[in-house]
Amino acid sequence: MDITIKTLTGGEAGSVTLNEAIFGLEPRDDILQRMVRYQLAKRQQGTHQTLGRAEIARTGAKLYKQKGTGRARHGSARAPQFRGGGKAHGPVSRSHAHDLPKKVRALALRHALSAKAKSGAILVIDDLTSAEGKTKATLSQFVGLGLTNALIIGGAEVNENFARSARNIPNIDVLPVQGINVYDILRRQTLVLSKAAVDALEERFK
């Protein structure tokens, strides 16, 4: 698959052939769904917790005598049925992460890249750099390229000026190639890859 390489100013800088084994698969929704679910579950904090009856700071004395009152036989004010008592079966701090085989995770990334390629939502830029590091200048370049909602993937290191100038633009994410992931690819309309990112991805899946 051949695709034209663009410059940030909108010009052309040659073309590149995308590897069919990475960008030419028939996307499978089930694999993409498994990967997104895996990512979202792993990023959950899991710090929600309520106090059980054993954790309530309250007297442990019997409320009233067992017999003779005509009332129910209660033994502790910490019981869940009382106001101020513990919570029965409440949430506890835990990890929501679950396992997903490494091969499935790698396949999901290739399917996400292929889905963008199939829909024509991939753009290759020769060099992601900014001389001034000004948001206004970078925004005008994005408007010229028609980018309003995009994930931008740079090389091993993203140019500091470019990253700083793009971080305040709504619906634009900038990541190094090591940070590329299925969820971020799918949540943005356009995937923008630098030439270095394309080379790194092809090397990664060689």
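These figures come from a predicted structure and were not determined experimentally.
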Problem - Ile180 and Leu113, any side-chain heavy atoms less than 4.5 Å apart - result: yes
Practice task
Please report the shortest heavy-atom distance between Leu25 and Pro27, naming the atom on each side.
Solution key: O-CD, 3.3 Å
Problem - Glu20 side chain vs Met1 backbone, donor-acceptor pair below 3.5 Å - result: yes
Problem - Ile152 and Phe142, any side-chain heavy atoms less than 4.5 Å apart - result: yes
Handout entry: Same apolar cluster: Ile185 and Leu128, side chain cutoff 4.5 Å
Key = no
Exercise for the section: Using a 4.5 Å cut-off on heavy atoms from C-beta on, say whether the side chain of Leu123 contacts that of Leu147. Expected result: yes
Handout entry: Straight-line distance of Thr9 OG1 to Ile125 CD1, nearest 0.5 Å
Key = 9.0 Å
Exercise for the section: Could you pull out all residues at least two apart from Asp30 that satisfy salt bridge (charged side-chain N to carboxylate O under 4.0 Å, His left out)? Expected result: Arg28
Handout entry: Closest contact, heavy atoms only, Ser130 versus Gly133
Key = OG-N, 3.0 Å
Exercise for the section: Report yes or no: does Thr135 contribute a side-chain atom to a donor-acceptor pair with the main-chain N or O of Ser165 at less than 3.5 Å? Expected result: yes
Practice task
Find out whether Leu8 and Phe162 are in side-chain contact, i.e. whether some heavy atom of one side chain is under 4.5 Å from a heavy atom of the other.
Solution key: yes
Exercise for the section: Write down the atom of Thr7, the atom of Ala13, and the distance for their closest heavy-atom approach. Expected result: CG2-CB, 3.9 Å
Fill in the blank from the handout: Sorted by chain and number, sequence neighbours left out, side chain to side chain contact (heavy atoms under 4.5 Å, CB included) with Ala106 holds for Phe205
Handout entry: Non-neighbouring partners of Ser119 that pass side-chain hydrogen bond (donor to acceptor under 3.5 Å, both in side chains), sequence neighbours left out
Key = none
Taking distance alone, no hydrogens or angles, what donor-acceptor pairs closer than 3.5 Å link side-chain atoms of residues 85-93 to residues at least two apart or in another chain?
from  : atom 1 : to    : atom 2 : distance (Å)
Ser93 : OG     : Gln49 : OE1    : 2.8

Handout entry: Lys/Arg N to Asp/Glu carboxylate O, Arg187 vs Asp173, below 4.0 Å
Key = yes
Exercise for the section: Determine, using the 4.5 Å side-chain heavy-atom cutoff (strictly less than), whether Tyr183 and Ile122 are members of one ILVMFWY cluster. Expected result: yes
In a table with atom names and distances, give each donor-acceptor pair under 3.5 Å that connects a side chain of residues 69-77 to protein atoms at least two apart or in another chain.
from  : atom 1 : to    : atom 2 : distance (Å)
Thr69 : OG1    : Arg71 : N      : 3.2
Ser76 : OG     : Arg78 : N      : 3.0

Exercise for the section: Mind checking the NZ-CG spacing from Lys42 to Leu100? Nearest 0.5 Å is all I need. Expected result: 10.0 Å
Practice task
For residues Leu186 and Leu32, determine if any side-chain heavy atom of one lies less than 4.5 Å from a side-chain heavy atom of the other.
Solution key: yes
Problem - Cluster link Val182 to Val174, ILVMFWY, side chain under 4.5 Å - result: no
Exercise for the section: Following the transitive rule for hydrophobic clusters with a side-chain heavy-atom cut-off under 4.5 Å over Ile, Leu, Val, Met, Phe, Trp and Tyr, establish whether Leu175 and Val158 coincide in one cluster. Expected result: no
Practice task
Taking all non-hydrogen atoms of both residues into account, name the closest pair between Val124 and Ile3 and its distance.
Solution key: CG2-CG2, 3.9 Å
Fill in the blank from the handout: Applying side chain to side chain contact (heavy atoms under 4.5 Å, CB included) to Ala197 and not counting sequence neighbours gives Ile153, Val177, Leu193, Ser194
Handout entry: Any Val16 side-chain heavy atom under 4.5 Å of Asp2 side chain
Key = no
Handout entry: Atom pair CD1/CG of Ile56 and Leu51 - distance to nearest 0.5 Å
Key = 4.5 Å
Completion exercise
The side chain to side chain contact (heavy atoms under 4.5 Å, CB included) partners of Gln44 (sequence neighbours excluded) come to His96
Handout entry: Ile169 and Thr138, any side-chain heavy atoms less than 4.5 Å apart
Key = yes
Practice task
Determine which pairs satisfy side-chain hydrogen bond (donor to acceptor under 3.5 Å, both in side chains) with at least one residue from residues 143-163, sequence neighbours left out, and list them in order.
Solution key: Asn161-Arg164
Handout entry: Qualifying side-chain hydrogen bond (donor to acceptor under 3.5 Å, both in side chains) pairs with a residue from residues 197-206, counting only residues at least two apart or across chains
Key = Lys195-Asp199, Glu203-Lys206
Practice task
Check whether any side-chain heavy atom of Tyr38 sits under 4.5 Å from a side-chain heavy atom of Asp99, and report yes or no.
Solution key: no
Completion exercise
Taken in chain and number order and not counting sequence neighbours, the residues that satisfy side chain to side chain contact (heavy atoms under 4.5 Å, CB included) with Gln33 are Arg37
Exercise for the section: With sequence neighbours excluded, give me every salt bridge (charged side-chain N to carboxylate O under 4.0 Å, His left out) pair touching residues 110-129. Expected result: Glu26-Lys118
Fill in the blank from the handout: Contacts satisfying side-chain hydrogen bond (donor to acceptor under 3.5 Å, both in side chains) that involve residues 52-64 (not counting sequence neighbours) are Lys62-Gln66
Problem - Hphob cluster co-occupancy, Val104 + Leu201, side-chain heavy atoms under 4.5 angstrom - result: yes
Exercise for the section: Assess whether side-chain contact (heavy atoms from CB on, under 4.5 Å) is satisfied between Asn171 and Arg188, documenting all intermediate values. Expected result: CA-CA 8 Å; Asn171 301 320; Arg188 296 299 180 203; 3.4 Å; yes
Handout entry: Donor-acceptor pair, side chain of Arg105 and main chain of Met35, under 3.5 angstrom
Key = no
